Student: 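Please see the structure below; I have some questions.
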2 protein chains.
Amino acid sequence: MSFPRPAEDEVDRLVAAWRQERPDLDVSPLEVLSRVSRLSRHLERERRAAFSAHDMESWEFDVLTALRRAGKPYELSPGALLRATLVTSGTMTNRIDRLAAAGLVTRNPDPEDRRGVLVRLTAAGLARVDAAFTDLLRRERELLAGLGQHERQALAGLLRTLLVPFDASAENAGAHHPPMGRA
Amino acid sequence: MSFPRPAEDEVDRLVAAWRQERPDLDVSPLEVLSRVSRLSRHLERERRAAFSAHDMESWEFDVLTALRRAGKPYELSPGALLRATLVTSGTMTNRIDRLAAAGLVTRNPDPEDRRGVLVRLTAAGLARVDAAFTDLLRRERELLAGLGQHERQALAGLLRTLLVPFDASAENAGAHHPPMGRA
DNA sequence: ACCTGATATCTTGACGTCAAGATATCAGGG
DNA sequence: CCCTGATATCTTGACGTCAAGATATCAGGT
């Protein structure tokens, strides 16, 4: 009866259950969006596993990479960091405190705005984040091994189409409902 | 110089920054995986917005839909619920407590296993979850409006390819490191 | 009857996040 | 100069989650 067959995932089962219970509803959006949510959870676990080898937590990585990406002198304001990591100001203060205590960043007064602070990556922080990032990329490459080059580009393009409306409206967003940013 | 141009998202900018700072690394995995993570965050916000109209929290919805999907008599064990929602047992106990206090579920002894409990949706819980689910689907449909039928299926298929390895290995997973489940 | 290991749920304590508000500074107008 | 509203960061208290362990029950073997 059944040959190799295209493998099922949990979402196939979940959608089938809904079609049984609510045949009146069109649950097809779940085919895409439920998969995005679930895949994201799996990715978060992979991240944690990759970072534990470097004694690093996910939240530390998120902050340190934002600074690393900024380029020399690897310095950003707390406001820029919270916008880049999608957390609130209270959370970011707490994170900076702990990263500073660990010697991975320093907190310096902004010479041009006395309200402001600039958070700068230390040499130790730079080394840590570069090692972790390299490792993360290696693992992520394996997760994508099931797709060919062409498929990966198609997938990236389709996801971009869904993201553009969000990122466009965040373009002009204020400080407190944080706009966006991730790995 | 520039015509319509294919719109950029934040990930395009993020990847460009990495290529500037670390031209030695292949950061292309981020084109797919960073988009998955970011999109998932946006979806979580949409969920919250959809549910607030029904005085419901995301975590409540996750539990109630698992029961709803199970079909009559809308009854599952706490263990099944934690596997379906990807949280730990302590979290699930807490959630069931609050849902029971709100009158949306009842907790009954399992007649076939005295260690066990069965959580059952009340009539009020059923009505609430059906209303919220209908509303969520409507909103999710809008999020996918940018894609044609054919593109949506392609996207769903590509995501399934990435998910299958995870869901397959979770097939035989134990109880405490929770396996999987979402919306 | 009594072990033994597995299973099912609940309890506890610590932790990270958020929302709201407090404090200090800035820039521009009168 | 001193308002006023905006901006930047920090503080506080409440809340949800997790990890680890406690308790009770089950199924199989002896």
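Here is how names work: the chains are called A, B, and so on, in the same order as the sequence lines, proteins then strands, and each is numbered from 1. Since we're looking at a predicted model, the values are computed, not measured.
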Student: Can you work out whether B:R107 or A:W59 has the more 5'-proximal nearest nucleotide on DNA chain C?
Tutor: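 Counting from the 5' end, the first nearest nucleotide belongs to B:R107.
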Student: In which stems does DNA chain D show up, taking only runs of three or more Watson-Crick or G-U wobble pairs whose two distances fall under 3.5 Å?
Tutor: C:1-30 with D:1-30
Student: Do any pairs count as a salt bridge (Lys or Arg N to Asp or Glu O under 4.0 Å) and have a residue in residues 87-105 of chain B, sequence neighbours left out, and if so which ones?
Tutor: B:D97-B:R107
Student: Indicate every side-chain donor-acceptor pair of residues 143-154 of chain B with a distance under 3.5 Å to a residue at least two apart or in another chain.
Tutor:
{"from": "B:E151", "atom 1": "OE1", "to": "B:G148", "atom 2": "N", "distance (Å)": "3.0"}
{"from": "B:R152", "atom 1": "NH2", "to": "A:S28", "atom 2": "OG", "distance (Å)": "2.9"}

Student: Rounded to the nearest angstrom, tell me the gap between atom CG in A:L86 and atom C1' in C:dG16.
Tutor: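 Atom-to-atom, A:L86 to C:dG16, this comes out as 15 Å.
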Student: Starting at atom CG of B:L81, determine the distance to atom P of C:dC10, rounded to an integer number of angstrom.
Tutor: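 Whole-Å distance recorded here is 11 Å.
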Student: In the structure I gave you, are the side-chain heavy atoms of A:E31 and A:D12 within less than 4.5 Å of one another anywhere?
Tutor: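 A:E31 vs A:D12: side chains touch.
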Student: What is the distance from CG of A:L76 to P of D:dA8, rounded to the nearest Å?
Tutor: 13 Å
Student: Report yes or no: do A:V105 and A:L118 belong to one cluster of Ile/Leu/Val/Met/Phe/Trp/Tyr joined by side chain heavy-atom distances under 4.5 Å?
Tutor: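 Result: no, two separate clusters.
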Student: Is any side-chain heavy atom of A:E60 closer than 4.5 Å to one of A:V129?
Tutor: no
Student: Please examine the side chains of B:D26 and A:L137, heavy atoms only from C-beta on, and report whether any two atoms are closer than 4.5 Å.
Tutor: no
Student: Is A:L126 close to A:R68 at the side-chain level, that is, under 4.5 Å between some pair of heavy atoms?
Tutor: yes
Student: Extract from the structure each pairing of a protein N or O with an N or O of nucleotides 24-29 of chain C at less than 3.5 Å, listing the distance.
Tutor:
{"from": "C:dC26", "atom 1": "OP1", "to": "A:R114", "atom 2": "N", "distance (Å)": "3.1"}

Student: Is B:W59 reachable from B:I96 through a run of hydrophobic residues whose side-chain heavy atoms are each under 4.5 Å from the next?
Tutor: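 Linked within one cluster.
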Student: Output the rounded distance in Å from CG (A:L118) to C1' (D:dT9).
Tutor: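 One finds 12 Å between C1' of D:dT9 and CG of A:L118, rounded.
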Student: Partners of A:Y74 by ring-ring contact (aromatic ring centres under 6.0 Å, His included), sequence neighbours excluded?
Tutor: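 ring-ring contact (aromatic ring centres under 6.0 Å, His included) check on A:Y74 returns nothing, list empty.
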Student: In terms of heavy-atom contacts, does CZ of A:R19 have more than 12 from other residues, nucleotides or ligands at under 6.0 Å?
Tutor: yes
Student: Short of 4.0 Å, heavy atom to strand atom, which residues of residues 90-100 of chain B count as contacting DNA chain C?
Tutor: B:G90, B:T93
Student: Any side-chain heavy atom of B:T85 within less than 4.5 Å of one from B:T91?
Tutor: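 Counting from C-beta outward, B:T85 and B:T91 never come under 4.5 Å.
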